[in-house]
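Heads up, the thing below is written out as structure tokens.
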Number of protein chains: 2
Amino acid sequence: MAVTIRDVARASGVHVSTVSRTFSAAHLVNAQTRTRVLAAADELGYRPNRAARALSTRRTGNLGLIVADIANPFFPPLIKAAQSQARARDYHVFVADTDEQARVEEELVRSMAKQVDGALLVAPRLSNRLIAELGRDVPFVLVNRRVSGLPGVLMDVAAGARQAVEHLAGLGHREVAVLTGPRASWTSQEMVRAAEACAGEHGVRLHRIGPNPPTEEGGAASADEVVSSGVSAVLAYNDMVAVGLIQQVERLGLTVPADLSVVGVDNTHAARYFRPALTTVDMPVAAAGRGAIDLLLQAVTTGESPGTVSLDTRLVVRDSTARR
Amino acid sequence: MAVTIRDVARASGVHVSTVSRTFSAAHLVNAQTRTRVLAAADELGYRPNRAARALSTRRTGNLGLIVADIANPFFPPLIKAAQSQARARDYHVFVADTDEQARVEEELVRSMAKQVDGALLVAPRLSNRLIAELGRDVPFVLVNRRVSGLPGVLMDVAAGARQAVEHLAGLGHREVAVLTGPRASWTSQEMVRAAEACAGEHGVRLHRIGPNPPTEEGGAASADEVVSSGVSAVLAYNDMVAVGLIQQVERLGLTVPADLSVVGVDNTHAARYFRPALTTVDMPVAAAGRGAIDLLLQAVTTGESPGTVSLDTRLVVRDSTARR
DNA sequence: CATCTTCGTGCAAACGTTTGCAGTACGGGT
DNA sequence: ACCCGTACTGCAAACGTTTGCACGAAGATG
């Protein structure tokens, strides 16, 4: 039925091993034979069978990519970049979605472990301990999570948070709330840590409100607390939270940015077309996706764990923040 | 290294074939042996090797899912639904992104063909002829595209478009523009066809403007033409186009919906939080994803092509449309 | 000219499953 | 007592590759 290496061998008058080598180690075969084999392969429409190859080499050519929620606009550009980077290296990517649940995440990792050469864990919700444990089964690269001994790509959200707080301080805000994200989110922890340190330096009092689900609903739900806390500015865990918050406080009769300044994080597409357009921390999502794939493939092929790389973030000022 | 069927066989004192059968055809093995084997497997942490299985059965257990652009908010909920449906049936899903380019799409299908048991083509940009041709290599299910002989899931956007036109007609609009999408988009064709028929019935004149890229930029770019055409209402190819259009016409000094009513399509997340909140046609995206996977697995396992199913759409009225 | 490399190729044994076939044991029907 | 069917299990040949090893033919070296 399907055309195999054997058909190609027959058609070009060489042994199957030679055909195999023309595809997997071209330099080992004579240039003339190679072109002959390639011609025959092309003619017959031969495509190597990855399953068979996987069986021999113990490499599947597949990578896993686990995210909390594909529908969260933070992830698609990252997935897209990772995907195309992997494809360029002739790897396929399984994308899986954990619905923000640590249990599902663990289950996914376990079930993927044996069928991929490595996996990307993006903003995982698992405990460090469990991540380290699972990391013994499959090569991992973490995105936005730091676990000692495991390679990772971090977006330096701390720098962005500092810029945000300075920006707000510069606008005269002295009482600022930070809406934290999921408890297990490294990004959230970093953000809060940096914001607190920076607030101290600028004479700003920081109110911590959270944890909040990383969604519009999460933002909306904390509107009351924000209002009653008397702050004049908010740094939200992400753009969706910011949007949810803004909508709700406007329903309560406030205006953004006149009555309340709001800063988001992620610089998702939505931040640009929401009204007021969101001041937000830009995250280098595509670069992170590409970089993570590079690290992962390095780990997979060399067997040793590459280090951790950190990418810059920066504040993008738009219309949701104003002088107090 | 990894624990294989052979280890389990040894540990439980049976032949490998019996172990194999315990996992792939449990009814063929004695209940006692089965529990013994399962115990051993569990103890050793055995997981069947899918590549090896694929080699024997000629089934990979993988499905392909090809979309035009993961970052287009229309797709993630569909991907998510398809993904989880497939996972529940013990299939894995490769997601790939064509960047809206037919050539890339063709290449992707070809390269996936031999490594998946079937593929979902969502809103493909390829020609019918090519789709039919590629369909001979792999079982396909199409979403939002009708190609005779191939199974598909269609969202009845025509019905939604009719409702939209009736809605606008009811608000007193007599000159309406329709911003068409990519030339190869079945959705766009359906939408225009239905809108035209319906416009005729309600004494509305329909101006066709396009094709437009299915993005905000696409919408923004057609703002001039919309304004100069003198229409009082617009039906846009999708929500992103609608948003882009609205932003641009507001830059030109108009107000939506006071000066121009705009209807989107897709009912993406953004439609809800954009200001003005978008009147739009709701698409049953998750249901389509699940349904498409079901059809695909049916095609894969029975070998015969299931039919085409059509899902309802409906107009959701929000704040971007008003009486003329 | 003998010896040593290098290069290109073939041979055959893996890789971990599945599955058609054959064999055994047992219980029931005649 | 015999035969047959059923239920289970083992045997071994696939599935399509890769890869260590061996071998022969040149070419290089002394």
Side-chain angles (χ1 to χ4, degrees), chain A residues 1-38 40-41 44-62 90-92 111 113-117 300-301, chain B residues 1-38 40-41 44-62 90-92 111 113-117 300-301:
Chain A
M1 188 101 280
V3 23
T4 82
I5 212 177
R6 227 172 292 274
D7 303 318
V8 178
R10 201 172 311 123
S12 50
V14 298
H15 193 261
V16 295
S17 54
T18 303
V19 179
S20 169
R21 280 188 275 253
T22 40
F23 286 99
S24 48
H27 61 282
L28 290 181
V29 12
N30 180 288
Q32 295 180 23
T33 3
R34 192 191 317 160
T35 57
R36 195 150 40 93
V37 170
L38 288 177
L44 298 175
Y46 168 75
R47 294 266 193 166
N49 177 324
R50 289 177 87 114
R53 183 175 278 184
L55 199 51
S56 257
T57 60
R58 297 140 159 269
R59 287 272 177 74
T60 62
N62 298 331
D90 202 26
Y91 276 80
H92 284 168
S111 87
K114 307 297 197 301
Q115 2 238 9
V116 298
D117 299 338
V300 166
T301 53
Chain B
M1 188 102 278
V3 23
T4 81
I5 211 177
R6 228 172 293 273
D7 303 318
V8 178
R10 200 171 313 123
S12 50
V14 298
H15 193 260
V16 294
S17 53
T18 302
V19 178
S20 169
R21 280 188 276 254
T22 349
F23 287 99
S24 48
H27 61 282
L28 290 181
V29 11
N30 180 288
Q32 295 179 26
T33 353
R34 191 191 318 160
T35 56
R36 195 149 38 93
V37 169
L38 288 178
L44 298 175
Y46 167 75
R47 293 266 195 167
N49 177 324
R50 288 177 89 114
R53 185 174 278 184
L55 199 51
S56 256
T57 60
R58 297 139 160 269
R59 286 274 177 74
T60 61
N62 297 332
D90 202 26
Y91 277 79
H92 284 168
S111 88
K114 307 297 198 299
Q115 2 238 12
V116 299
D117 299 338
V300 166
T301 53

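Protein chains get the first letters and strands the later ones, always in sequence-line order, with residue 1 at the start of each. Just so it is clear, the values below take in all heavy atoms, side chains as well, and ignore hydrogens, waters and symmetry mates.
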Give [X] one of three labels, base, sugar-phosphate or nothing, depending on what nucleic acid heavy atoms sit under 4.0 Å from its own.
| X | result |
| --- | --- |
| Phe23(A) | nothing |
| Arg6(A) | base |
| Ser20(A) | base |
| Arg47(A) | sugar-phosphate |

Reading 5' to 3' through nucleotides 5-14 of chain C, protein heavy-atom contacts under 4.0 Å coded B for base, S for sugar-phosphate only, - for none: ---SBBBB-B

Tell me the interatomic distance from [X], atom [atom1], to [N], atom [atom2], rounded to whole angstroms.
| X | N | atom1 | atom2 | result |
| --- | --- | --- | --- | --- |
| Arg53(A) | dT17(C) | CZ | C1' | 20 Å |
| Asn49(B) | dG16(C) | CG | C1' | 6 Å |
| Gln115(B) | dT17(D) | CD | C1' | 14 Å |
| Asp7(A) | dT17(D) | CG | C1' | 13 Å |
| Lys114(B) | dG16(D) | NZ | C1' | 14 Å |
| Ile5(B) | dT9(D) | CD1 | C1' | 14 Å |

With Arg47(A) via salt bridge (charged side-chain N to carboxylate O under 4.0 Å, His left out) - residues at least two apart: none

Salt bridge (charged side-chain N to carboxylate O under 4.0 Å, His left out) involving Arg21(B) - partner list, sequence neighbours excluded: none

Nearest heavy-atom neighbours spanning Arg36(B) and Val14(B): NH1-CG1, 4.2 Å

For the student: nearest non-hydrogen atoms of Tyr46(B) and Val3(B), plus distance: CD1-O, 3.4 Å

Heavy-atom donor-acceptor pair, Ser56(B) side chain to Arg53(B) backbone, under 3.5 Å: no

Side-chain (Ser20(B)) to main-chain (Val16(B)) donor-acceptor, under 3.5 angstrom: no

Val37(A) and Arg34(A), any side-chain heavy atoms less than 4.5 Å apart: no

The helix from dC1(C)-dG30(D) to dT30(C)-dA1(D): angle between end helix axes, five pairs per end, rounded to 10 degrees: 40°

Contacts of type ring pair (Phe, Tyr, Trp, His ring centres under 6.0 Å), residue Tyr91(A), not counting sequence neighbours: none

Nearest-nucleotide pick for Arg58(B), side chain only, options being dT18(D), dT18(C), dC15(D): dC15(D)

Asn62(A): side chain to side chain contact (heavy atoms under 4.5 Å, CB included) partners, not counting sequence neighbours: Thr60(A), His92(A), Phe94(A), Val116(A), Phe94(B)

